[in-house]
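Bear in mind the structure is a predicted one, so any value in this text is a computation, not a measurement. Each ligand, and each atom within it, is numbered from 1 in the order the structure gives.
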Amino acid sequence: MKLGNEQIKGIGFEYNITLFQDFDGLSNEILQLSNLTNIVVVTDKNVAKLYLDEINKELKKLNLPVYHIILKPSEKNKSIDRVKKVYNKLASLGCDRKSLILAFGGGVVGDFAGFIAATFLRGIRFAQIPTTLLACVDSSVGGKVAVNIDKGKNMVGLFYQPVFVFAPIHTLSTLPLREWRCGVAEVIKHALLSGNKKLVEALNTTKTFKNFYLSEEVKTFILESVRFKASIVAEDEKELGKRAILNLGHTIGHAIESFTKYKKYSHGEAVSIGLVTELVISQEVQNLPSVVTQETVGTLKKLGMPYKENFSMEDLIKHTKYDKKNEQGNVKFVLLQKIGEPLWGIQVEESVLKKSWDMQRKL
Ligand code: NAD
Ligand code: GLY
């Protein structure tokens with residue numbers, strides 16, 4: 001059953017992002033594509049165990065050869081080292097320019113499979129089938145595909161748009177609590193950047209993630225997030241300007257992840273603390289009313305997400321230096337003047353960073 005739809009239309013690309021209850025409807029989306037020779041489902045072990053039979057049943061309707069590449073889950077495997085193996089596998093399966101890759105999973109699978117699709121045979125078609133909230137509200141839309149190198153996350157990648165995004169939200173029923181929280185951090189980011197009333201209302205009414213996938217709020221989270229993100233990407237696909245706002249909370253968030261060696265926090269948890277810190281910086285530099293920070297902390301607390309950290313800013317600063325938004329070694333921030341009024345590319349003095357970090361410690 002179809003639950004909602006959004007369209008993204010930029011310069012040289014246009015595709016649908018559709019929310020479905022289950023996989024019914026996926027074969028119809030694929031049938032809109034011309035001249036397919038075969039389909040390669042790229043997924044991870046966790047998703048395969050839960051949903052591979054179900055997706056295969058739907059793909060069978062197409063009467064095309066369907067192959068599977070099943071990755072080990074986790075960010076560690078979104079690496080440049082894994083890429084060659086997958087290229088060789090695609091070649092040995094006889095994949096050609098008319099093959100379709102289905103990136104079936106969370107953001108790790110989406111970024112990795114998208115990178116493979118963008119580069120194999122100089123680019124073949126791929127579609128995103130997101131199965132985590134984070135992937136539904138953020139990573140499946142907008143065409144950022146990448147792999148990691150030793151020096152940092154997502155350091156090698158392209159802007160390469162999928163041919164469609166198909167979100168089967170019943171898959172969210174098995175999402176671990178920590179993964180719900182990762183997605184919610186990005187939803188809070190979208191609410192702060194856009195001021196979208198439906199998103200703010202849905203965040204206020206969400207109390208628990210138990211059976212959350214059945215709620216109206218989850219549909220609002222996805223459709224309103226996607227609507228907002230699509231409007232930004234349509235204007236600035238390659239992040240030459242405004243798209244940078246989508247990194248709110250991520251300069252500090254990435255530094256926290258890197259400083260804690262990707263062990264203490266999930267991405268969303270690090271972004272939660274990053275969002276709060278960058279709101280405090282915004283208070284200092286852009287006169288953002290402190291009530292915005294207080295309300296954001298209230299939402300994070302209610303949802304059981306971390307919002308502050310105690311280690312030293314000196315340690316953290318070193319880890320901001322590989323951020324992709326940096327220019328000539330200078331760290332650049334996205335800050336808010338008001339809800340819905342972000343600014344990007346802002347350099348912040350170290351003394352302000354230290355003061356803001358101390359303020360967030362005391363929240
Ligand atoms: P993930 O892909 O690692 O998935 C999280 C965990 O949930 C994994 O263990 C996975 O196997 C499991 N899982 C996935 N779907 C499930 C389901 N339905 N039920 C049960 N378990 C399930 O993590 P993520 O949070 O989805 O994505 C994080 C990645 O996304 C990072 O690599 C980040 O860099 C990237 N990202 C990319 C963009 C972009 O614009 N391309 C945006 C944000 C984040
Ligand atoms: N997640 C940030 C972006 O897509 O630009």
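- The hydrophobic clustering, which links ILVMFWY residues whose side-chain heavy atoms are closer than 4.5 Å, places Met305 and Leu193 together.
- Shortest contact from atom 43 (C) of ligand 1 to any protein heavy atom: Asp138 OD2, 3.6 Å.
- Below 30°, between 30° and 60°, or above 60°: for Tyr51 and Phe104 the angle between ring planes is above 60°, a perpendicular geometry.
- Of the N or O atoms in Lys144, one or more lie within a sub-3.5 Å distance of an N or O in ligand 2.
- For a threshold of 3.5 Å applied to N or O pairs, the pair formed by Asp111 and ligand 1 contains at least one separation below that value.
- Scanning the protein heavy atoms around atom 31 (C) of ligand 1, the nearest turns out to be Glu75 OE1, 3.1 Å.
- Proximity to Lys229 (heavy-atom distance under 4.0 Å) selects the following atoms of ligand 1: 40 (O).
- Ranked by closest heavy atom to atom 10 (C) of ligand 1, the top entry among Leu133, Thr43, Asp44 is Asp44.
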*Please step through ring pair (Phe, Tyr, Trp, His ring centres under 6.0 Å) for the pair His254 and Phe259, ending with a clear verdict.*
CA-CA 8 Å; His254 282 154; Phe259 176 61; over 10 Å; no

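- From the protein, the heavy atom lying nearest to atom 15 (N) of ligand 1 is Thr131 OG1, 2.8 Å.
- Salt-bridge check for Asp81 with Lys76: failed, with every basic side-chain N at 4.0 Å or more from each acidic carboxylate O.
- Taking the six-membered ring for Trp, Phe221 and Trp180 have ring centres at least 6.0 Å apart.
- Among all non-hydrogen protein atoms, the one lying nearest atom 1 (P) of ligand 1 is Val108 CG2, 3.8 Å.
- If you look at Lys45 next to ligand 1, there are no close heavy atoms at all, none under 4.0 Å.
- For atom 7 (O) of ligand 1, the nearest protein heavy atom (residue, atom name, distance) is Glu179 CG, 3.8 Å.
- Using a 4.5 Å cut-off on side-chain heavy atoms (C-beta onward), Leu192 and Leu279 make contact.
- Note: an N/O pair closer than 3.5 Å links Arg243 and ligand 2 by distance alone.
- Residue-to-ligand polar distances place Asn154 within reach of ligand 1: an N/O pair is separated by less than 3.5 Å.
- Judged by distance alone, the side chain of Asn196 and the main-chain N or O of Ala191 form no donor-acceptor pair under 3.5 Å.
- Annotation: side chain of Val108 is not in contact with side chain of Asn77 (no heavy-atom distance under 4.5 Å).
- Near Leu246, meaning under 4.0 Å from one of its heavy atoms, ligand 2 places the atoms 2 (C), 3 (C), 5 (O).
- The proximity of Lys229 to ligand 2, defined as any non-hydrogen pair under 4.0 Å, is limited to the side chain.
- Here Lys153 has side-chain heavy atoms under 4.0 Å from ligand 1, and that is the only part of it that gets that close.
- With salt bridges taken as basic N to acidic carboxylate O contacts below 4.0 Å, one links Asp111 and Lys78.
- Interface atoms of ligand 2 facing Asp138, defined by a heavy-atom separation under 4.0 Å, are 1 (N).
- At least one N or O atom of Thr171 sits closer than 3.5 Å to an N or O atom of ligand 1.
- The nearest protein atom to atom 12 (C) of ligand 1, hydrogens excluded, is given as Asn46 ND2, 4.1 Å; this is a heavy-atom distance.
- Every atom of ligand 1 is numbered from 1 in the order shown, and the set under 4.0 Å from a heavy atom of Leu50 is 19 (N), 20 (C).
- The distance between the ring centers of His267 and Tyr262 does not fall below 6.0 angstrom.
- Among all protein heavy atoms, the one lying closest to atom 24 (P) of ligand 1 is Gly107 N, 3.5 Å.
- Using modelled atom types, one finds no donor on one side chain facing an acceptor on the other under 3.5 Å when comparing Glu284 with Ser356.
- Asn5 and Thr18 are linked by a side-chain donor-acceptor pair at a separation below 3.5 angstrom, with hydrogens and angles left out of the test.
- Summarising the contacts of atom 20 (C) of ligand 1 with Thr174, Leu71, Asn148, Ile169, the nearest heavy atom is found in Thr174.
- Scanning all protein heavy atoms for the shortest distance to atom 14 (C) of ligand 1 gives Thr132 CG2, 3.3 Å.
- Between Phe126 and Tyr160, the ring planes are parallel. Angles under 30° get that label, and only those over 60° would be called perpendicular.
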